[in-house]
Amino acid sequence: MRTVTLISTAALLVGLSSAARADIVIGSAGPLTNSESLFGTTWMNGMELAIRQANDAGGVGGQKLVFQREDDGGDPKQGTLVAQKQCDNTSMLAVIANFNSGVTIPSSDVYHRCGMPQVTNSSNPKVTKAGYPNLFRPIANDLSQGAAPAEYALKTLGAKKAAIVHDKQAFGQGVAEVFQDVFKKGGGTVTSFSGVAQTDVDFSALLTTIKNENPDVIYFGGIMPAIGLFVKQAREFGITAKVFGADSAFTPDFIQGAGPENAEGAIVSFQAPPYDSSPQLQEFAKTYKAAFKEDPGPYSAYGYMEAQVVINGMKAAGASITRATIVPAIAKSDFDSIVGHVSFQPNGELTKPFIFLYTVKNGKFELLK
Amino acid sequence: MLVFDHVTKRFGANTAIDDVSLTIRPGVITAVIGPNGAGKSTLVNMAAGSFRTTSGRILLDDVALQDLPKYKIARAGLSRTYQNIRLFDGLTVLQNLEVALVPRSLPRLIMQAFGLSPGSSEAEARSDCETVLQRLGIAHLGERHAGSLAYGQQKLVELARAIVARPRAILLDEPAAGLNHGETDELKAHIQALRSPDLAIVLIEHDMKLIMSVSDEIYVMARGAVLAHGTPEAIRGNRQVQEAYLGQPGAMGTIEAAARGRRNRIRVRAGEGLAWGQP
Amino acid sequence: MIPMALMPIAVIVFGQFLPAYPLRILDLVLLYAMLGLGLNIVVGYAGLLDLGYVAFYAIGAYTYALLASPQFDLHLPFLLVLLIGAGLAALAGVLLGIPVLRLRGDYLAIVTLGFGEIIRVLMNNLDGLTNGPQGIARIDEAVIFGWHLSTPLDYLYLLVVLVVLTFLFVWRLQESSLGIALAAVREDQDAARGCGIDTTGVKLVAFATSATIGGIGGVVFASMQQFVSPESFTFWESLSIVLVVVVGGLGNPFGVILGAALLVVMPELLRAYADYRQLLYGIALVLIILARPMGLIRREYGPSWLVRRMTRA
Amino acid sequence: MKVLHGVSLELFAGEVVCIIGPNGAGKTTLLRTLSGLCRPTDGRIAFKGEQVEGTKPFQMARRGLGHCPEGRRVFQHLSIEENLIAGFLPGRGKSRAELFSEVYTLFPVLGERRTQSASRLSGGQQQMLAIGRALMGNPELLLLDEPSLGLAPLIIHQIFEIVIQLAERGVSIILVEQNVDLSFEIADFIYAFDHGRVHCSGPAEMLRGDERVRDMYLPRVA
Amino acid sequence: MATLLLQQAINALTVGAIYALIALGYTMVYGVLRLINFAHSEMFTAGAFVAVFAASLLGGVAGHPGVALAAGFATFLAIGFLGVAVETVAYRPLRGTSRLAPMLSALGMAVVIQNVVMLVGGRRPLIYPSFLPRGVFQIAGAVVTYKQITILAVALVLMVGLELLVSRTSLGVKIRAVAESAETASLVGINPNLPIALIFFVGPGLGAVAGILYASYYGVATFSMGFIIGMKAFTAAILGGIGSIPGAVLGGLLLGFIETFATAWMPALTHGLIGTEYRDIFAFSVLVIILLFRPAGLLGEHVSEETMVYKRDF
């Protein structure tokens with residue numbers, strides 16, 4: 001009985017390792033089934049769009065590109081498993097992974113061991129600390145994401161007092177801390193720096209305190225739907241301070257969730273110019289909607305751009321396209337993407353991180369600067 | 001010697017046991033009888049530590065039991081059987097008995113589990129258990145799961161579990177309930193065999209034939225108090241006891257008469273005789 | 001005995017031929033088998049439902065993460081931290097056990113659940129100590145007497161050894177007087193007390209022992225991942241370990257190992273179904289439980305049974 | 001009425017049949033099979049001329065079979081009156097009020113304590129409640145499983161008097177009892193069981209007169 | 001100060017009422033089957049999504065109380081039937097095996113339902129159309145919304161109705177009889193499957209209503225919102241004494257108050273040492289403390305060791 005089990009397990013495990021072989025496979029891993037799966041799927045849809053377009057244009061070096069999505073469930077343990085699976089797949093030449101910093105940190109270790117070119121969307125500054133040459137981050141990290149709003153609040157709005165709230169998650173707390181540092185250094189006062197439970201939907205207790213502090217601005221480091229609810233409840237409490245949010249709030253859902261009248265005037269940072277700000281982005285949004293029957297998600301444009309980074313790298317890799325040749329090719333990236341100019345520092349960070357601030361005006365996002 | 005010394009138990013406003021004193025001497029079988037709700041079970045449960053006494057003391061060979069936790073009472077040498085059988089159904093009969101012989105000190109248990117102390121006591125315990133099972137004539141059931149046994153056998157296993165740890169006092173709570181005459185006779189023999197100079201035996205029963213034939217001393221309880229105390233003969237003749245518990249001597253007669261009266265009126269099965277099944 | 005001894009050897013030999021990804025899966029199977037064997041002491045042997053087992057696992061993992069990483073720039077040796085982690089987990093088990101073990105059934109379950117959540121929230125909130133939600137990265141690789149463990153195969157060796165030791169230990173425990181006492185507690189706590197068993201005491205021992213194994217599992221996990229963050233220690237993780245035990249077979253070490261294999265491999269097999277993966281996992285789970293409500297291998301067919309059969313044959 | 005499982009027995013309307021025999025002889029199982037809690041592996045059961053094997057217990061109850069299980073099993077968390085309400089079956093010829101008053105007349109003590117929780121009753125009273133609860137279904141056949149278990153002699157007498165009264169009213173009764181003396185007194189017909197078989201059977205008076213039966217089943221004179 | 005307290009009390013009451021409604025579903029199922037129904041939290045989520053669908057069939061809820069009521073009722077029925085179906089498929093075959101098997105089967109069903117909601121209802125947070133009347137009024141300076149009043153009223157009516165059903169009607173007697181022993185109940189002519197089905201109809205139905213109220217109150221629904229709130233509602237049920245209907249109500253309200261007041265005052269009392277991020281563990285800490293003193297919850301029946309034979313828990 002047990003020998004049978006053993007043999008069948010063996011067969012199973014061997015079977016698992018021989019994944020589908022294809023011309024050139026680009027992998028991706030992110031949350032597809034948990035509470036963040038909205039971000040994960042729409043992000044990957046963006047990549048898929050770029051890859052389809054590349055294939056329509058003849059692929060890379062005559063070879064077709066195949067896109068493989070993997071679910072890491074936002075769980076570090078699954079992230080490393082997926083990373084290993086992708087490493088073992090010899091036809092997989094690059095990955096765009098992961099979405100959560102907490103997953104990217106352990107998985108980048110695995111990718112590094114097999115020399116896999118890795119393009120990540122996770123923004124925590126720590127991600128690039130290990131100094132892996134195969135890891136690239138073509139987006140602004142939390143440092144710029146938190147800094148830009150703080151500077152705007154200080155300089156343009158002339159704010160003196162800020163209340164900071166975050167959701168006790170790696171991303172939310174990260175940007176909130178940066179905001180705090182920059183705001184304090186710029187001479188502002190932080191009246192309170194509070195965390196809320198990640199699943200909170202009721203902020204009335206906290207808002208009571210904040211109301212008494214009477215800050216000029218409030219920074220909320222967190223994601224939807226929490227930020228929508230927060231803004232809504234803040235306004236219902238009669239708090240009129242300017243509210244700042246991070247990129248995950250850059251979605252119509254935020255305006256709807258908070259209610260257009262409440263969201264009015266809120267400021268959101270985002271690493272891309274607005275979808276209607278350039279013909280390319282408008283085109284992207286249209287194509288996306290045609291392909292996936294829904295509006296792009298907050299990270300779709302990043303996904304698209306990150307896939308472009310990989311594809312361009314492959315094109316530039318020369319005659320033999322391998323993991324080893326793609327890495328230096330990506331490092332030399334130098335092109336204008338739909339969201340901004342991409343070129344990397346030696347540590348894999350963008351040379352010039354792009355960050356844009358938007359404000360909600362008449363129920364729509366409008367570029368501030 | 002097991003002594004209940006002015007024991008009182010109240011449940012809220014209800015007084016279940018009212019200033020009861022009993023002395024159960026070792027070497028004799030002491031029966032406690034009385035109508036349902038008289039407080040017999042409460043008394044047993046207090047001695048075994050399931051209920052706390054409201055006041056009074058319970059002593060086993062000068063050890064005060066009333067404030068000890070249940071397991072310490074068992075360790076002090078008091079063991080019991082239950083009105084509703086409470087065996088460890090998922091364990092074998094032998095394991096059921098071994099439970100009563102598990103080493104008392106926690107460090108020793110841990111040492112054994114970690115393989116740091118030799119398992120000699122385990123082997124010893126096992127042979128003790130087998131001896132007891134043999135005495136009760138159920139040695140062949142040792143490896144069976146207790147839950148799978150017939151009711152009568154379970155009662156015997158429970159008795160075996162109660163005596164395997166060589167207690168100083170044993171409380172038998174309705175051991176004959178649900179047993180038929182043959183089984184009751186067998187039980188009677190086992191109870192009589194328990195009699196030893198350093199064991200106090202308390203028997204709570206409704207089966208008067210068993211009580212009268214096996215016990216040396218009887219306490220009759222009613223409404224939380226001792227109604228009478230004496231030898232079986234004295235109790236049998238006690239009028240108060242008859243009224244409160246036994247029923248009038250003629251009671252059986254009235255049932256018989258009623259049954260006969262009815263039987264005369266209904267049709268008896270025609271042509272039915274005594275039939276014997278095939279063995 | 002011989003086939004049982006052959007099994008770990010077979011696993012190691014088998015591991016030599018596996019690519020890294022299945023090897024990592026195998027590592028995880030073994031890790032969960034070990035956690036399952038530990039939890040099984042409480043759930044399977046003593047009949048107490050512990051829904052917060054992940055707390056002990058987390059304590060082990062964070063112990064290693066704090067004592068062997070750049071976080072405080074401490075780099076204590078693996079084996080030492082293994083001992084410390086196991087000890088801290090045991091201590092946590094005792095500290096939790098003393099107040100809660102007199103609760104029965106589901107009340108105990110919910111309090112342990114609460115404890116698990118409290119530990120996770122603490123890990124998430126004590127930023128100064130645990131780095132909060134950011135987690136602790138770049139944890140040291142395990143080094144045992146000069147042997148650097150870095151590949152999945154290295155961890156396979158370590159985990160095989162640990163699982164074998166755990167297996168032998170829990171088997172020994174099950175057969176010892178303590179095991180009998182725990183079984184009595186499981187079957188009828190009050191009657192066990194009436195037989196002179198210090199039920200709170202033995203439950204505490206079971207709780208602490210199980211916590212210790214969880215702690216060791218945590219230390220190994222942290223060294224294997226080289227990264228810990230509160231996300232790895234959610235309530236769902238506790239439930240997964242309970243699933244390993246119950247799906248495999250309550251109280252049966254063989255069952256637990258089989259359960260770990262099934263529950264770790266199944267989601268990996270379902271990877272191909274991307275969006276439907278969790279849905280299919282849920283359906284499979286229900287079907288497995290409906291098919292084998294008492295677990296894949298029933299309690300009585302444990303190692304002792306096997307040995308009896310082998311010797312008889 | 002028939003049970004076949006190596007066992008055949010029958011009962012006529014209005015009869016009191018008693019089943020005796022050692023523990024583990026299958027007496028309780030027999031009753032459980034009759035009321036549908038167990039399914040016979042083989043054989044047939046007919047009740048009021050209809051085949052009923054495989055019928056669910058609650059359907060048997062609705063056909064007029066009352067079962068007082070071993071150990072009484074009153075609903076401890078319910079009041080006495082609620083226990084009786086739980087046992088009431090509409091559409092069996094008598095209204096709830098009628099049945100209430102019947103039960104309270106038979107067992108005045110239940111009437112006195114009707115709002116109290118059943119858990120506060122003594123063993124004898126619980127047995128009365130269990131019988132009363134079965135009577136709320138206005139049964140034609142009543143199965144009594146060891147009604148004397150754990151009861152004081154005085155109470156046993158009271159309960160058996162009630163049993164006779166019920167029989168007088170035309171309720172058929174199957175009684176499983178360890179107390180052979182009493183069984184012999186009130187039964188019309190007796191089946192003695194052993195090892196899942198009918199060891200011997202016959203009218204009570206005939207059995208009582210038989211030497212072998214007395215040796216086997218009646219207590220030796222103490 | 002008094003206004004602030006009053007305001008917080010009103011908020012607490014609203015949240016507590018929602019917890020209580022969900023807790024009822026847990027406690028009823030537990031009372032009858034001794035089963036922790038992990039799938040219940042997903043009934044709550046599914047209810048919120050189904051209601052929107054039902055309302056859209058009826059032409060949208062905006063400003064039309066009749067539509068909201070009809071959609072709510074339809075949802076109650078739909079989720080009720082879903083509950084019965086889940087019981088039939090996933091729990092009934094496991095009756096009488098082990099206690100853990102149905103519990104984990106319920107866990108599997110929770111995963112299934114959540115993923116179905118995700119795949120059908122979408123991953124996007126659903127901006128929730130309010131099923132409740134809008135508007136506010138003031139009591140002693142505290143702002144009370146009509147939403148809050150409606151939530152309290154709906155919860156109150158449902159809870160009182162349920163309590164009356166269980167304690168006063170003969171159907172309730174049957175439910176309680178089956179809860180104590182399905183076998184004995186069947187012997188006295190009760191078909192045990194009916195009360196159980198009823199429980200699995202009403203419990204999820206109430207959960208679904210709670211889902212609608214919750215989503216309407218906060219204005220958003222996500223497919224994954226059930227898990228954490230389910231866990232808290234279950235805590236509430238345990239807190240009140242599981243199996244007891246008034247206990248679930250008390251537990252739910254208490255939990256609402258603990259969370260609201262602890263998050264409001266704890267940061268001030270501890271000078272910011274313990275912030276609102278600890279919200280989730282206030283509830284658990286209180287739970288642990290209460291259970292230490294009352295091992296069967298606040299209104300749970302204390303079972304004496306000797307009157308009830310407590311064999312194997314799991």
Side-chain angles (χ1 to χ4, degrees), chain C residues 43-44 46-49 51 96 99-100 102-111 113-122 124-125 132 186-191 193 235-236 239 242-243 245-247 250 275-295, chain E residues 30 34 36 38 89-90 93-94 96-116 118-119 123 227-228 231 234-235 237-239 242 274-275 277-281 283-289 291-292 295-297 300 303 305-306 309-314:
Chain C
V43 182
L48 308 166
L49 182 56
L51 291 179
L96 171 69
V100 309
R102 62 195 197 100
L103 297 174
R104 283 176 192 266
D106 302 284
Y107 293 96
L108 177 70
I110 200 81
V111 169
L113 185 163
F115 175 70
E117 282 296 289
I118 289 172
I119 293 285
R120 186 182 63 79
V121 173
L122 285 180
N124 202 42
N125 289 345
R186 174 186 76 226
E187 297 289 327
D188 187 336
Q189 193 181 151
D190 300 317
R193 214 174 283 154
F235 175 47
W236 181 256
L239 286 177
V242 173
L243 276 175
V245 174
V246 178
V247 166
L250 218 50
D275 288 3
Y276 299 94
R277 180 165 165 245
Q278 284 289 324
L279 177 67
L280 293 174
Y281 177 76
I283 292 172
L285 199 60
V286 173
L287 291 180
I288 292 170
I289 293 168
L290 287 178
R292 307 230 20 121
M294 302 306 282
Chain E
Y30 185 92
R34 296 236 295 143
I36 303 179
F38 275 115
V89 172
L94 297 172
T97 55
S98 94
R99 274 198 59 210
L100 284 177
M103 189 179 105
L104 296 179
S105 175
L107 190 64
M109 286 314 297
V111 174
V112 170
I113 298 171
Q114 189 187 98
N115 276 274
V116 169
M118 179 185 92
L119 293 169
R123 296 177 163 92
F227 189 71
I228 193 90
M231 200 154 88
F234 183 66
T235 308
I238 288 267
L239 197 62
I242 192 145
I274 297 180
E277 67 266 33
Y278 286 93
R279 174 192 285 235
D280 285 355
I281 60 179
F284 285 119
S285 314
V286 172
L287 175 83
V288 172
I289 293 164
L291 287 187
L292 292 184
V303 180
E305 287 183 5
E306 300 305 318
V309 179
Y310 239 115
K311 290 231 168 172
R312 217 189 277 188
D313 271 322
F314 295 103

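Residue numbering restarts at 1 for every chain, and letters A, B, ... go by the order of the sequence lines. These numbers come from the heavy atoms of this one structure, side chains and all, not from hydrogens, waters or symmetry mates.
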Tell me, for L119(E) versus chain C, whether the close heavy atoms (under 4.5 Å) come from the side chain, the backbone, both or neither. side chain

At a 4.5 Å cut-off on heavy atoms, which part of F235(C) comes close to chain E: side chain, backbone, both, or neither? side chain

Approximate separation, where rounding is to 0.5 Å, of Y276(C) OH and N115(E) CG: 10.5 Å

Could you tell me which of N124(C), L113(C), L108(C) has the largest number of non-hydrogen atom pairs under 4.5 Å with chain E? L113(C)

Of all heavy-atom pairs between I242(E) and Y107(C), which one has the smallest distance, and what is that distance? N-OH, 3.2 Å

Among L122(C), D275(C), V246(C), residue most engaged with chain E (heavy-atom pairs, under 4.5 Å): D275(C)

Using a cut-off of under 4.5 Å on heavy-atom pairs, state which of L104(E), T97(E), I113(E) scores highest against chain C. L104(E)

CG of L103(C) to CG of L291(E), rounded to nearest 0.5 Å, is 5.5 Å

All heavy atoms of A101(E) vs all of P293(C), minimum pair found to be CB-O, 3.5 Å

List the atom pairs, with distances to 0.1 Å, where a side-chain N or O of residues 283-291 of chain C and a protein N or O form a donor-acceptor pair under 3.5 Å, not counting sequence neighbours.
none

So L100(E) and V43(C), do their side chains get closer than 4.5 Å, heavy atoms only? yes

Just so I know, are the side chains of L279(C) and M118(E) near enough to count as touching, which here means a heavy-atom distance under 4.5 Å? no

Please classify the contact of L287(E) with chain C as side chain, backbone, both or neither, using a heavy-atom distance under 4.5 Å. side chain

Separation of D106(C) CG from M103(E) CE (nearest 0.5 Å): 8.0 Å

Has Y278(E) got a side-chain atom pairing as donor or acceptor with V121(C)'s backbone, closer than 3.5 angstrom? no

Can you name the one residue among T235(E), V288(E), L292(E) that meets side chain to side chain contact (heavy atoms under 4.5 Å, CB included) with V111(C)? V288(E)

Counting heavy-atom pairs under 4.5 Å to chain E, which of A191(C), G44(C), G114(C), P99(C) comes out on top? G114(C)

Of the backbone (N, CA, C, O) and the side chain (C-beta and beyond), which part of R292(C) lies under 4.5 Å from a heavy atom of chain E, both, or neither? neither

Counting heavy-atom pairs under 4.5 Å with chain C, the top scorer among L107(E), I36(E), V116(E) is L107(E)

